[in-house]
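Below: the structure, in structure tokens.
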There are 2 protein chains.
Amino acid sequence: MSRLDHSLIAGLPAFEGLARADLDAILSKAVALRVAKDDAIFDQGVEAGSFFILLDGRVRVVRTTPDGRQAIVRYIVPGELLGIAQALGRDTYPASAVAAVDCVVLAWPSRLWAKFAVDYPSFGKNTYRTVGARLEDVQTQMLDMATRQVEQRVAHALLRLVRQAGRSDGDGIAIDFPISRQDIAEMTGTTLHTVSRIMSAWEDKGLVKSGRQQVTIVESHKLLLLAEGRTERD
Amino acid sequence: MSRLDHSLIAGLPAFEGLARADLDAILSKAVALRVAKDDAIFDQGVEAGSFFILLDGRVRVVRTTPDGRQAIVRYIVPGELLGIAQALGRDTYPASAVAAVDCVVLAWPSRLWAKFAVDYPSFGKNTYRTVGARLEDVQTQMLDMATRQVEQRVAHALLRLVRQAGRSDGDGIAIDFPISRQDIAEMTGTTLHTVSRIMSAWEDKGLVKSGRQQVTIVESHKLLLLAEGRTERD
DNA sequence: CGAGGAGTTGACGTTGGTCAATAAATGTGG
DNA sequence: CCACATTTATTGACCAACGTCAACTCCTCG
């Protein structure tokens with residue numbers, strides 16, 4: 001196993017305010033893993049053996065119903081924690097995590113989470129802040145699902161993705177990982193067909209450019225208006 | 001201000017594992033408030049001056065969109081924390097809380113939350129467990145909204161209410177606080193009309209009995225089947 | 001070059017939202 | 001205690017949004 005350098009995690013919000021020695025102590029317990037695109041990092045319902053930090057790549061977090069339908073809860077970007085079942089007082093993962101591209105993660109045994117939270121209070125505080133932020137986030141999405149129609153929800157979803165994983169390119173801001181119509185449908189509670197129709201219409205109006213697993217927002221301002229539902233009849 | 005007795009909060013999950021002296025210290029900082037039915041305990045967006053524990057009554061937590069549409073995030077029953085913006089790393093309330101019936105709450109100044117979490121680690125741990133449980137909860141509801149149709153969502157919502165606020169009466173299990181069709185609609189992301197139609201149909205089949213702001217589940221098993229979508233054609 | 005995955009688009013039907021009218025229950029002021 | 005206003009619930013008529021089904025295209029990969 002290769003030696004891990006504290007610079008790997010020194011800048012991350014989860015470890016903010018920790019001394020170099022602490023970081024080294026934490027890292028000495030970590031294992032770095034490569035995860036190939038489309039491989040699972042953990043699976044919903046199984047015992048939570050580890051928690052993780054994403055160092056590189058993009059991960060989608062997915063919840064599945066007993067009858068196989070699923071929803072994408074969120075995308076994770078580098079620096080974020082995932083699989084922190086312990087922090088939620090659980091011993092199984094409440095969702096699955098799948099690498100959206102090739103990823104690198106650090107993994108720790110779950111039982112260390114409680115120890116870290118005690119030994120390094122700011123770590124505990126920071127992860128709870130993360131949990132709190134996610135709670136808010138999901139509540140906002142709920143409100144969206146309850147009150148807005150599909151087109152607005154799709155617009156919101158794309159804007160959210162662009163904010164956290166946007167890379168500006170020639171035509172506008174591109175979502176920097178492969179994402180299919182099906183994925184967008186699972187983020188917004190609709191079908192790939194409806195997403196496809198909506199995005200084709202947007203493409204005609206010049207709001208977005210998109211192709212196979214690839215989306216670029218061209219007119220983010222107009223898309224925002226659409227998302228907020230401030231555009232009357234056409 | 002009247003003296004508060006530690007027995008008020010001794011049994012509550014949030015204060016599990018604390019000594020009597022700790023409870024008294026905590027209580028000495030608390031203020032007990034009566035809140036009349038339909039009065040707000042706090043409002044979405046305003047600075048979070050206090051956090052609360054519900055001692056008696058039922059509270060609904062509501063999120064409102066800029067354009068005035070709203071969704072009921074959850075109902076709070078006695079013993080539960082509410083308004084714990086601090087635990088989420090926020091300084092404004094992310095939702096509003098309204099008394100569904102006359103209520104009694106204990107209130108503490110928000111800044112004490114961090115102090116309590118440090119002085120009484122199990123308090124911190126317990127509240128974070130609460131936040132974690134709520135995160136899971138909302139995610140489950142999201143999945144529901146994304147994958148099930150209205151009738152199933154309404155069934156789920158009623159079963160959830162019955163589980164946390166059910167009182168058995170002659171005909172079955174009643175929801176023990178007044179709840180309107182509109183409320184149920186706001187829990188499930190639909191309209192009062194649709195809720196009314198669905199529940200009228202259920203009433204005809206003998207699954208529920210309901211009236212003005214009042215619902216009783218008669219055949220909870222059949223309702224559960226409905227909620228899970230295991231009932232084929234009629 | 002063939003197969004499989006991703007996307008598009010049309011046709012069609014259903015769910016469930018909108019609009020409107022009415023009824024029943026509750027509260028209020030005289 | 002009664003007339004009246006208000007709130008809540010029910011129900012019908014209508015129709016739009018969106019899901020389902022199906023066919024076809026295009027791209028990528030092996």
Side-chain angles (χ1 to χ4, degrees), chain A residues 36-38 67 69-71 98 100-101 144-155 157-158 175 177-205 208-216 226 229 231-234, chain B residues 36-38 60 67 69-72 98 100-101 144-155 157-158 175 177-205 208-216 226 229 231-234:
Chain A
K37 177 161 151 49
D38 295 327
D67 60 311
R69 311 195 55 175
Q70 56 181 52
V98 178
V101 298
D144 256 51
M145 294 269 294
T147 62
R148 331 220 74 122
Q149 23 203 81
V150 175
E151 187 176 29
Q152 300 180 309
R153 299 206 303 267
V154 173
L158 292 188
I175 293 166
F177 58 89
I179 184 165
S180 68
R181 302 292 182 267
Q182 175 70 34
D183 292 331
I184 296 170
E186 288 178 5
M187 293 182 73
T188 52
T190 180
T191 62
L192 74 164
H193 307 279
T194 298
V195 171
S196 179
R197 276 185 254 267
I198 288 171
M199 291 187 57
S200 294
W202 288 349
E203 187 121 26
D204 290 346
K205 295 196 211 155
V208 304
K209 284 184 179 259
S210 69
R212 192 189 178 79
Q213 307 209 90
Q214 196 277 324
V215 180
T216 302
L226 237 169
T231 52
E232 297 305 301
R233 317 264 100 259
D234 206 347
Chain B
K37 176 162 152 48
D38 295 328
R60 66 168 176 275
D67 59 312
R69 313 195 52 175
Q70 54 181 52
I72 295 178
V98 178
V101 297
D144 257 51
M145 294 269 294
T147 63
R148 331 220 74 122
Q149 24 203 84
V150 174
E151 187 175 29
Q152 301 180 310
R153 300 207 301 267
V154 173
L158 292 189
I175 293 166
F177 59 89
I179 183 164
S180 68
R181 303 290 182 267
Q182 176 71 34
D183 292 331
I184 297 171
E186 288 178 5
M187 293 182 72
T188 51
T190 179
T191 63
L192 74 164
H193 307 279
T194 298
V195 171
S196 179
R197 278 186 253 267
I198 288 171
M199 290 187 57
S200 294
W202 289 349
E203 188 121 24
D204 291 346
K205 295 196 208 155
V208 304
K209 284 182 179 262
S210 69
R212 193 187 177 81
Q213 308 211 88
Q214 195 279 323
V215 180
T216 302
L226 237 170
T231 52
E232 298 306 299
R233 319 262 98 257
D234 208 344

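Throughout, a chain's letter reflects where its sequence line sits, starting with A, and its residues are numbered from 1.
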Whole angstroms only, please: what is the [atom1]-[atom2] distance between [X] and [N]?
X	N	atom1	atom2	answer
B/Asp183	D/dT7	CG	C1'	13 Å
B/Arg153	C/dG17	CZ	C1'	12 Å
B/Ile198	C/dG16	CD1	P	7 Å
B/Gln152	C/dT15	CD	P	12 Å
B/Lys37	C/dT26	NZ	P	12 Å

Using the side-chain hydrogen bond (donor to acceptor under 3.5 Å, both in side chains) criterion, which residues pair with [X]? Sequence neighbours excluded.
X	answer
B/Gln149	none
B/Arg153	none
A/Gln213	none
B/Thr147	none

Considering residues at least two apart in sequence or located in another chain, which fulfil the salt bridge (charged side-chain N to carboxylate O under 4.0 Å, His left out) criterion with B/Arg197?
none
Can you name the salt bridge (charged side-chain N to carboxylate O under 4.0 Å, His left out) partners of A/Asp67, sequence neighbours left out?
B/Arg148
Any luck finding a side-chain donor-acceptor pair between B/Arg181 and B/Ser210 under 3.5 Å?
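There is such a pair (donor and acceptor under 3.5 Å, judged by atom type) between the side chains of B/Arg181 and B/Ser210.
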How does protein contact run along nucleotides 4-9 of chain C, one letter per nucleotide 5' to 3', with B for base contact, S for sugar-phosphate only, - for none, heavy atoms under 4.0 Å?
-BSSBB
How far does the helix from C/dC1-D/dG30 to C/dG30-D/dC1 bend, going by the axes of its first and last five pairs, to the nearest 10°?
40°
Test of understanding: with side chain to side chain contact (heavy atoms under 4.5 Å, CB included), list the residues that count as partners of B/Ala185, not counting sequence neighbours.
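Residues passing side chain to side chain contact (heavy atoms under 4.5 Å, CB included) with B/Ala185: B/Thr190, B/Val195.
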